[in-house]
Trainee: 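Just dropping this structure here.
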Amino acid sequence: MFSVWLKSSSNQLDEIKNLIHTISEQEKTDYIDPHVTLVTNLQTEESGKNYLDKIVKNKFDIIFNKIQEGTTFFQRLYLTADDNTDFFNSVIEIEGWPSLWTPHLSLYYGNELPNSFPSKSFDNIIPITVTFDTLGLYKTGPIVSEWKEITTLFLD
C-alpha cells in the first residue's frame, strides 16, 4: 500500500525525533519518522502520484498542543492540534476526503501504550510549532521497518 505524508525539513522536530527514538528503543519497536499522513490505503504507486497532484502545495505552520492516546496500532500515542484548517485545506481537492480523518503526528505505534513513558511526561514538549514544507509518497503497509520513500516534493 502507499501513503502521502506531510513532513518538516527543519530542526523543529529534533526533540520529538529524539523522544520517538528513545521510546522505540525502550519498547523494542520500529522508529517512526515524524509525519502527518494526508492520504493512506492507496493500492498503487500511480494512484499515489495522482493524489500528490491534487494536494495543495503550500507550506504551513501547525501548533500541536495536545497529546492523545488512541486505541489502534497506528494511532496509539500522538500529537494533535486544535486548529487543523491548513491540513484540511491541503486535501480539499480530493473528492470524498477527508471523511473521518483526524490529522495527527504519531509518537508511538503499538497494541498498548508504551510502558516507559506515561503521556504526562510529554507535556514539556507541547505546544510545538511545526512548519510542514515537504510532501512525500511512501510505500507503507503493516510492517513499519519496510516503509520506503518513493518521491518527495518541497512546498512553496
Side-chain angles (χ1 to χ4, degrees), residues 1-43 47-48 51-52 55 59-92 94 96-150 152 155:
M1 135 171 86
F2 295 85
S3 300
V4 177
W5 294 357
L6 265 175
K7 294 181 70 175
S8 177
S9 65
S10 76
N11 61 357
Q12 296 166 313
L13 288 173
D14 286 351
E15 190 174 358
I16 300 288
K17 287 179 182 180
N18 290 336
L19 189 59
I20 293 170
H21 182 71
T22 300
I23 294 170
S24 64
E25 280 188 340
Q26 291 187 357
E27 299 293 323
K28 298 179 179 26
T29 60
D30 292 317
Y31 172 79
I32 311 162
D33 202 24
H35 66 278
V36 172
T37 302
L38 291 181
V39 184
T40 192
N41 295 325
L42 303 171
Q43 299 305 307
S47 68
Y51 275 91
L52 277 178
I55 294 172
K59 65 180 173 181
F60 54 85
D61 293 340
I62 293 290
I63 300 170
F64 290 98
N65 58 352
K66 291 188 279 188
I67 185 155
Q68 300 282 328
E69 298 173 1
T71 58
T72 63
F73 182 86
F74 290 111
Q75 291 184 13
R76 182 57 62 198
L77 189 63
Y78 54 90
L79 299 178
T80 60
D82 284 335
D83 182 3
N84 289 311
T85 305
D86 287 324
F87 287 126
F88 289 114
N89 287 342
S90 66
V91 294
I92 198 90
I94 299 174
W97 192 265
S99 54
L100 299 175
W101 173 60
T102 301
H104 66 280
L105 191 149
S106 289
L107 301 171
Y108 176 74
Y109 295 156
N111 292 317
E112 302 291 332
L113 289 171
N115 293 318
S116 52
F117 287 93
S119 62
K120 64 180 175 274
S121 69
F122 296 106
D123 290 344
N124 64 340
I125 63 171
I126 54 175
I128 182 172
T129 301
V130 179
T131 301
F132 287 97
D133 60 359
T134 308
L135 189 62
L137 176 63
Y138 288 79
K139 185 173 186 331
T140 55
I143 302 172
V144 175
S145 62
E146 295 179 0
W147 291 0
K148 181 176 102 173
E149 181 181 326
I150 303 298
T152 298
L155 306 176

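Remember, predicted model here, so these are calculated numbers, not experimental data.
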Trainee: Given side chains that start at C-beta, do those of V130 and V36 come closer than 4.5 Å, heavy atoms only?
Mentor: no
Trainee: Identify the two heavy atoms, one from V39 and one from Y51, that lie closest to each other, and give their separation to 0.1 Å.
Mentor: CG1-CD2, 3.9 Å
Trainee: Closest heavy-atom contact between I20 and I32?
Mentor: CG2-O, 3.3 Å
Trainee: Test I63 against D83 for side chain to side chain contact (heavy atoms under 4.5 Å, CB included), laying out the working first.
Mentor: CA-CA 8 Å; I63 300 170; D83 182 3; over 6 Å; no
Trainee: Let's go through F60 and L6 carefully: what are the C-alpha distance in whole Å and the side-chain angles of both, what is the deciding distance for side chain to side chain contact (heavy atoms under 4.5 Å, CB included) to 0.1 Å, and is it a yes or a no?
Mentor: CA-CA 10 Å; F60 54 85; L6 265 175; 3.4 Å; yes
Trainee: To the nearest 0.5 angstrom, please state how far the CG atom of L13 sits from the CG atom of L105.
Mentor: 6.0 Å
Trainee: Would one find more than 12 heavy atoms of other residues, nucleotides or ligands at under 6.0 Å from atom OH of Y108?
Mentor: yes
Trainee: Could you grab the distance from atom CG of L155 to atom CZ of F132, nearest 0.5 Å is fine?
Mentor: 10.5 Å
Trainee: Between the side chain of N65 and the main-chain N/O of D82, is any donor-acceptor distance below 3.5 Å?
Mentor: yes
Trainee: Are the side chains of T29 and V144 in contact, using a 4.5 Å heavy-atom criterion?
Mentor: no
Trainee: Does K59 offer a backbone N or O that forms a donor-acceptor pair with the side chain of T131 under 3.5 Å?
Mentor: no
Trainee: Would you check if the side chain of Q43 reaches a backbone N or O of N41 as a donor-acceptor pair within less than 3.5 Å?
Mentor: yes
Trainee: To the nearest 0.5 Å, what is the distance between CD1 on I94 and CD1 on I55?
Mentor: 4.5 Å
Trainee: Would you say the side chain of P103 lies within less than 4.5 Å of the side chain of F88, judging by non-hydrogen atoms?
Mentor: yes
Trainee: For a quick test of reading the model, state the closest non-hydrogen atom pair linking I128 to Q12 and the distance between them.
Mentor: CD1-O, 3.3 Å
Trainee: Determine the minimum heavy-atom distance between S145 and D30, stating which atoms define it.
Mentor: N-OD2, 3.4 Å
Trainee: Taking atom OG1 of T37 and atom NZ of K7, what is their separation to the nearest 0.5 Å?
Mentor: 10.5 Å
Trainee: To the nearest 0.5 Å, how far apart are CZ in F87 and CD1 in I62?
Mentor: 4.0 Å
Trainee: Tell me whether the rings of W147 and H35 are parallel (<30°), tilted (30 to 60°) or perpendicular (>60°).
Mentor: perpendicular
Trainee: Okay, side chain of R76, backbone of T71: is any donor-acceptor separation there less than 3.5 Å?
Mentor: yes
Trainee: Side chain to side chain contact (heavy atoms under 4.5 Å, CB included) for V4 and V91? Distances and angles first, verdict last.
Mentor: CA-CA 11 Å; V4 177; V91 294; over 6 Å; no
Trainee: Is it true that the side chains of D133 and S9 contain a donor and an acceptor less than 3.5 Å apart?
Mentor: yes
Trainee: As an exercise, state the distance from CG of L137 to CH2 of W5, rounded to the nearest 0.5 Å.
Mentor: 10.5 Å
Trainee: Side chains of Q75 and H104: does their closest heavy-atom pair fall under 4.5 Å?
Mentor: yes
Trainee: Might you point out which heavy atoms bring D33 and K17 nearest each other, and give the distance in Å?
Mentor: OD1-CE, 4.2 Å
Trainee: Show the nearest heavy-atom pair for residues T140 and F2, with the distance to one decimal.
Mentor: OG1-C, 3.8 Å
